[in-house]
Amino acid sequence: MTKQVKAIVLTGFGTNCETEMAHACKLGGADQVDIVHISELIHGEFSLDNYHFLNLPGGFLDGDDLGAGQAGAHRMKYAMVQSSGEKLQVQLIRFIEAGKLILGVCNGFQLMVKMGLLPGFDNRHDDRQVSLTYNDSSRFEDRWVSLAVDQDSPCVFTSGVTSLYFPVRHGEGKFVTRDEKTLQRLKDEKLIVMRYTDPKTGRPTMEYPANPNGSPEAIAGVCDPSGRLFGLMPHPEAFLHRTNHPRWTREDLPEEGQGLALFRNGINFIRKNL
Amino acid sequence: MLARIQVGIKPCFTDSFGEKIKKKIQGDLKMPVESVRTIKVFTVEADISQQELLAAASGPFSDPVTQDYSLGPLSLDWKLDFDWMIEIGFRPGVTDNEGHTSAQALELLLGRKLSRDEAVYTSCQYLLSGKISQDEAETIARKGLANELIQRCTIMAKADFVKAGGLKPFAPKVAGKSEVKIAEIDLNVPDAELMRISKEGVLALTLEEMKLIRDYLTRPDIKTQRQAQGLSEKVTDVELEALAQTWSEHCKHKIFSGNIDYEDKQTGEKSQFSNLFNTCIRQPTSDIRARMGDKDWCLSVFKDNAGVIKFDDNWNVVFKVETHNSPSALDPYGGALTGIVGVNRDPFGTGMGAKLICNTNMFCFATPFYDKPIPARLLHPKRIFEGVREGVEHGGNKSGIPTVNGSLYFDDRFAGKPLVFCGTVGIMPAVINGKPSHEKKALPGDIIVMTGGRIGKDGIHGATFSSEELNENSPATAVQIGDPITQKKMFDCLLKARDRGLYRCITDNGAGGLSSSVGEMGGDTNGFELHLDKAPLKYAGLQPWEIFLSEAQERMTLAIAPEKLDDFLALCRKMDVEATVLGAFRDSGKFHCLYQGKTVAYLDMDFVHEGLPPMRMIARWRQKTYDEPRLPALPDLGRELKGLLGSLNICSKEYVVRQYDHEVQGGSIVKPLIGVDNDGPSDAAVIRPVLDSFAGLVISHGVCPRYSDIDTYHMVACSMDEAVRNALAVGANLAVMAGLDNFCWCDPILSDKTPDGDYKLAQLVRANQALAHYARAYGVPCISGKDSMKNDYLVGETKISIPPTLLFSVVAKIDDVRKAVTMDVKKAGDIVYVLGATYAELGASEYAVRHGGIGNTVPMVREKDSLPRYRCLEKAMAQGLVASCHDCSDGGLGVALAESGFAGGLGLDIDLRKVPAQGIDRDDVLLFSESQSRFVVTVAPEKSGAFEKTMADTGWARVGAVTAEPLFTVTGLTGSCVLSEKMAALKKAWQETLAF
């Protein structure tokens, strides 16, 4: 229980939510938070081995050319750590196998999916079975959405959290699977952590704009079977204080923003289990 | 090999991009297209095997879950049913960002760098089905999908496409002429010949300026010095081009710094003005700073790329707004994209460099529903609107900078040149490595290093081209496409270099490229030596003058102490940022360029920068008079209000705002869309730039071009007042509020082309007088600004000139963001107040224009009344007494009340008899007059006593109450109900106009 929790926030090549992601880690109780440029990882100046919590923030890796996160995933796959000659991917797999945590938000989620880290069935972390594609509206949109959390999911970030309100800010957030079987398995294994809901009924919805991108099953976020790798399109790090809420001047809200719980849960999990 | 890889969304998924294009073709071009499927094409020119090509296709270039790929025509693999194939790719040399990313991905895959002859090019194939003729397919391609200035298209009927087995691979390579040549131009020629040289070279130099150059070169001392460098008394192309850009209106601001003979034709009074910039902009700022004494929070004004003010003891704030009008007229997407990523470099290149924290924008277009014939070379206003919107979307979103504040203004006089204002705020530590961050200076011996993108022919003559009207010779090379990711990578790297103290001075490459950045920074040391052949090029074949002048994007120029150079270059290598040593700063007094060791430019720094005598200009003012609007005898106020709410200048801009990320970086406090349904119109933005502090920044602006028709003095006064009151409406601190002035004018120089230039210059003088007066009155100093003076279109007999426009942008402090106020009414039972008197000021109002006349009573700013009101309102907000506050502007009180009501999802019951007013006997005039300095405020009943006490005697009144039933009811001046409308209906009218 006395363990120092160390978080790393990966940035560079178009990532742009690193500051608020790092701020969330700090507020969530991490003892050390480093914003590390991917070049610094590749040059061996930092190593994932020294951290417990990998944050993949939102942004536009490589401008989202070739599709969101696609070129970024390709870089992660081929990049070699220059000091050791080890593939970055090997370092990453070691990180996962050590039972450590990864949180990918928006572009970070897209990156996880395109690297094959999610859904991570059968401990495979390089198998692309799902993807995130263009919103049905074919538009980038910034809007706040209501979310329901599946309490039965193994996700370690969402324990005790039932409903959430976060902004989405993406053009490619429609979650799709390779086939029906994959979708069914995600459902069966309770890996669909988060769904877009109708704010009036609280029920998952396919209606635009409550479901901002047309994701089947209203999927907003998924985790791997261990619950330690979690990706979501909405931005928890964008709601850390009540004044981030779009209606804070007209509603009575708790001081703390709803996004913080996710980070605190992850960090507490590390403190207890790693 | 040269091969094509085709990638498309699997037929089992919706091609949402194709769907969007289909809607666009159906809606904008009214063509009966039934379906559109899109395919991305990668043309790979590289020395790779078939196996490697396949690995690229199946690896980085496609998504195995959602996409299919093929090395042949994918449409035929799919057995797709279609009638026409249109493929659109870039012309040679045009920035292809996705091609660039694809090449990098290919390099990773191959484990080697691509050679200069290897590249990946992207294009997009559209497969259309429907009853479309050949002509219609051509129109779709050329008027709907491609901009042929930068793109090329291939159009084929399906049968031909099948017969040909698809398209042959084609690499749009720049076919460079390899011979480097320094042209020498003889200026000892007749005047007509001098002017021909200027006009044909897009130099925009006047005869006097051409003669000045000739005379300089024939001076005996200069001849001797030049001979020693191997140069004659002819001017080299490098020199002439550099002088033309340095002396261009765009860079030199000759109109603002010239001498003006001003005559008021009404009074016969004559006066003279020398240097409007110094007297009307810079001097008021100095006076305000002097008045503030040791509380002066201005740090760097009008000298760097952007203005700098103090945020708190630890941080400085930097703000700059620029325009990118001419390029946006030719290629709206590329023009606006380079506009935003270009202005990003201004705060980044200010002081030691600022981290960018938010963007702003303001666009002026002709109506998107324009149905008149489009003059030559112009694009339809809807295309300009869409292109600009998307350019700013990509520029802002991909750079990770929230777009927090903006607006659109429509007037058909913007059909000739749209106005695209883009602004960026940055923040930097007050002290960096022990030195104030807002100061910098290159030293003699410092190394000149250029970082970021490479140089191509893009943007050549941008500065001189912007200094002329848009005409048939306007060069296509002025158009370019920005690359936000290359720039972001560079910024990430340079911020690290800044914090490690690796450079001494930094500036951006904007208009004029290296000639401007190195030329200006060389002013610190009084000289430089620049080796143009060292500059990294996108492709071979650039002449030295082109390298010097190119406005290729994403580049910064730095001065680096020799002992830091290795560390700096190592950091850049590590972070994958190109950095190149180009020469050194000297104290030689010389503007010195070389190419392969041979001098190609050798001028005195003094001559380049100070050689130009001030211009002399004539201004004559006469007050124009207009017909008064024909107001209906018995207006249906509900209908009038809905009409106004739905008018282009008032209606909801949610369509645009939603597509901009306004929250990235985590400091979003008051968003552009607010209220019970997150869709009401915010007056200003509030952000928290430092996440562990509650101190914030307010960003707002004001703009009212139409008032210029009556008097530009009041246009400026109203723009400034609007910006200030928008900021105050969310809780800004008036004592720490800075302004930025961005003038966009039509040519104000009397000439055959501009026979009313004297009037337009008088408009400029009056505008500046207002700027000086109200800056001093409000104590809001301008810290930076810009002017763009030639916003005219002239092709053949058709001339379109914009209405003179000032965009006044404001950045202010808010001490505690938790005290911010929004415009949506909050609770039934709250009391509604109107602050400030309404006058019969319908001149050039939205209501007047709706009724066919401009009128003459333009709104005026009465600062003796407004300033005390503003100060009291600020106090009331700091005490938390205000539930909602909305600025009254276009459409007046009626519109402001309706917006506050429907944004809050509640009703309003208003009695016009109580509204403070003077000289008004009509309900419509009271509701729709656009008098300045007014607010609609709501206050909880229990706070009303304290609120009224705080507001003292500043011209306010209780005018009604917020009601639970969402109904807007108004009691008129005669005591009967004159308006009763459902808020939902009003909101619908407001929302449907631009719901694209």
Side-chain angles (χ1 to χ4, degrees), chain A residues 11-17 19-21 23-24 37 39-40 43 58-67 70-71 73-75 77-79 114 128-131 133-144 167 169 174 176-178 214 235 237-238 240-241 243-244 246-250, chain B residues 9 13-14 16-17 19-20 59-61 63-67 97-98 100-102 104-105 108-109 111 393 397-401 483-485 488-489 492 574-576 658-671 673-676 678 688 691-692 817-818 820-822 824 826 904:
Chain A
T11 187
F13 295 93
T15 293
N16 59 39
C17 297
T19 312
E20 57 268 41
M21 199 88 165
H23 190 61
H37 194 284
S39 294
E40 294 172 317
H43 279 75
F60 280 83
L61 276 170
D62 306 279
D64 277 359
D65 299 335
L66 307 177
Q70 174 85 2
H74 178 69
R75 182 184 300 106
K77 184 173 169 187
Y78 284 91
K114 306 225 173 165
R128 291 175 63 167
Q129 306 192 10
V130 302
S131 191
T133 188
Y134 301 95
N135 297 353
D136 277 351
S137 66
S138 193
R139 283 182 194 170
F140 176 101
E141 284 194 333
D142 179 337
R143 66 167 76 244
W144 285 63
R169 310 192 309 247
K174 180 177 176 176
V176 291
T177 55
R178 192 162 57 186
H235 288 267
E237 82 291 354
L240 300 178
H241 186 261
T243 55
N244 291 137
R247 296 187 300 277
W248 71 272
T249 59
R250 57 183 302 120
Chain B
I9 299 276
F13 292 112
T14 318
S16 57
F17 179 58
E19 288 295 308
K20 183 159 121 175
F61 292 1
D63 182 322
V65 178
T66 60
Q67 294 173 318
N97 287 323
E98 188 154 28
H100 185 65
T101 303
S102 310
Q104 287 177 333
L108 273 170
L109 190 73
E393 175 197 325
N397 292 359
K398 292 188 178 188
S399 302
I401 304 165
D483 173 4
I485 297 305
K488 175 127 180 65
K489 278 164 65 179
D492 288 348
K574 184 176 86 185
M575 299 188 72
D576 199 22
R658 276 272 172 252
Q659 297 185 67
Y660 295 155
D661 186 332
H662 42 259
E663 303 183 76
V664 59
Q665 302 196 15
S668 168
I669 306 293
V670 174
K671 301 177 205 305
L673 296 167
I674 49 173
V676 68
N678 300 344
R688 183 152 71 118
L691 292 179
D692 47 19
V817 297
R818 292 167 293 190
V821 173
T822 55
D824 47 319
K826 303 296 187 299

Review point. Could you go step by step and tell me if T822(B) and R250(A) meet the side chain to side chain contact (heavy atoms under 4.5 Å, CB included) rule?
Key: CA-CA 9 Å; T822(B) 55; R250(A) 57 183 302 120; over 6 Å; no

Practice item. Please report the C-alpha distance between R818(B) and H241(A) in whole Å, then the side-chain angles of each, then the deciding distance to 0.1 Å, and finally whether the side chain to side chain contact (heavy atoms under 4.5 Å, CB included) criterion is met. Key: CA-CA 10 Å; R818(B) 292 167 293 190; H241(A) 186 261; 4.2 Å; yes

**Study point:** Selection from E393(B), Q665(B), R658(B) maximising heavy-atom pairs under 4.5 Å formed with chain A
**Key:** R658(B)

Revision key, fill the gap. In terms of heavy-atom contacts, N678(B) and P246(A) come closest through OD1-CB, 3.6 Å

Check your understanding: Taking every heavy-atom pair that is under 4.5 Å apart, which of N97(B), N397(B), I401(B) has the most such pairs with chain A?
Key -> N397(B)

Review point. Do the side chains of E20(A) and L691(B) get nearer than 4.5 Å, heavy atoms only?
Key: yes

Check your understanding: If every non-hydrogen atom of S16(B) is compared with every non-hydrogen atom of D136(A), which pair is closest and at what distance?
Key -> CB-O, 3.6 Å

Check your understanding: Is there a donor-acceptor pair closer than 3.5 Å between any side-chain N or O of E40(A) and the backbone N or O of M575(B)?
Key -> no

Point to revise | D63(B) side chain reached by T133(A) side chain, heavy atoms, under 4.5 Å | key: no

Exercise for review: Please determine, among G58(A), A79(A), P167(A), G59(A), the option with the most heavy-atom pairs under 4.5 Å with chain B.
Suggested key: P167(A)

Exercise for review: Using the side chain to side chain contact (heavy atoms under 4.5 Å, CB included) rule, take L109(B) and Y78(A) through it: C-alpha gap first, then chi angles, then the decisive distance, then the call.
Suggested key: CA-CA 7 Å; L109(B) 190 73; Y78(A) 284 91; 3.1 Å; yes

Exercise for review: Please examine the side chains of K671(B) and D142(A), heavy atoms only from C-beta on, and report whether any two atoms are closer than 4.5 Å.
Suggested key: no

**Study point:** Whether D661(B) side chain and R169(A) backbone form a donor-acceptor pair below 3.5 Å
**Key:** no

Check your understanding: Taking side chain as C-beta onward, heavy atoms only, is K826(B) less than 4.5 Å from T249(A)?
Key -> yes

Review point. Do D62(A) and T101(B) have side-chain atoms, one donor and one acceptor, less than 3.5 Å apart?
Key: no

Practice item. Report yes if the side chains of S102(B) and L66(A) come closer than 4.5 Å at any heavy-atom pair, otherwise no. Key: yes

Review point. Can you find a pair of side-chain heavy atoms, one from Q129(A) and one from V65(B), that are under 4.5 Å apart?
Key: no

**Study point:** Heavy-atom check, side chain of Q104(B) versus side chain of F13(A), under 4.5 Å
**Key:** no

Check your understanding: Which bit of Y660(B) comes within less than 4.5 Å of chain A, counting heavy atoms only: side chain, backbone, both or neither?
Key -> backbone

Exercise for review: Using non-hydrogen atoms and a 4.5 Å limit, figure out which bit of P60(B) sits close to chain A: side chain, backbone, both or neither.
Suggested key: both

Check your understanding: Based on non-hydrogen pairs under 4.5 Å, which of K174(A), E141(A), R178(A) is most in contact with chain B?
Key -> E141(A)

Point to revise | Stepwise side chain to side chain contact (heavy atoms under 4.5 Å, CB included) test for H37(A) and D576(B) | key: CA-CA 11 Å; H37(A) 194 284; D576(B) 199 22; over 6 Å; no

Point to revise | Which atoms of K398(B) approach chain A - backbone, side chain, both or neither, heavy atom under 4.5 Å | key: both

**Study point:** Top of Q67(B), K574(B), K489(B) for chain A proximity - count of heavy-atom pairs under 4.5 angstrom
**Key:** K574(B)

Check your understanding: Relative to chain B, which of G12(A), S137(A), G63(A), A238(A) shows the most heavy atom pairs under 4.5 Å?
Key -> G63(A)

Exercise for review: Output the option from H662(B), K20(B), H100(B), R688(B) having the highest count of non-hydrogen pairs under 4.5 Å with chain A.
Suggested key: H662(B)

Exercise for review: Look at V821(B), V664(B), T66(B) and state which one has the largest set of heavy-atom pairs under 4.5 Å with chain A.
Suggested key: V664(B)

**Study point:** Region of K114(A) that comes under 4.5 Å of a non-hydrogen atom in chain B
**Key:** side chain

Check your understanding: Taking all atoms of both residues into account, what is the closest heavy-atom pair of I669(B) and W248(A), and its distance?
Key -> O-NE1, 2.9 Å

Check your understanding: Thinking salt bridges, do D824(B) and R247(A) make one under a 4.0 Å N-O criterion?
Key -> no

Check your understanding: Do you know which of E237(A), H235(A), R139(A) has the most heavy-atom pairs with chain B at a distance under 4.5 angstrom?
Key -> R139(A)

Practice item. For chain B, find which of S138(A), G214(A), S39(A) contributes the most heavy-atom pairs closer than 4.5 angstrom. Key: S138(A)

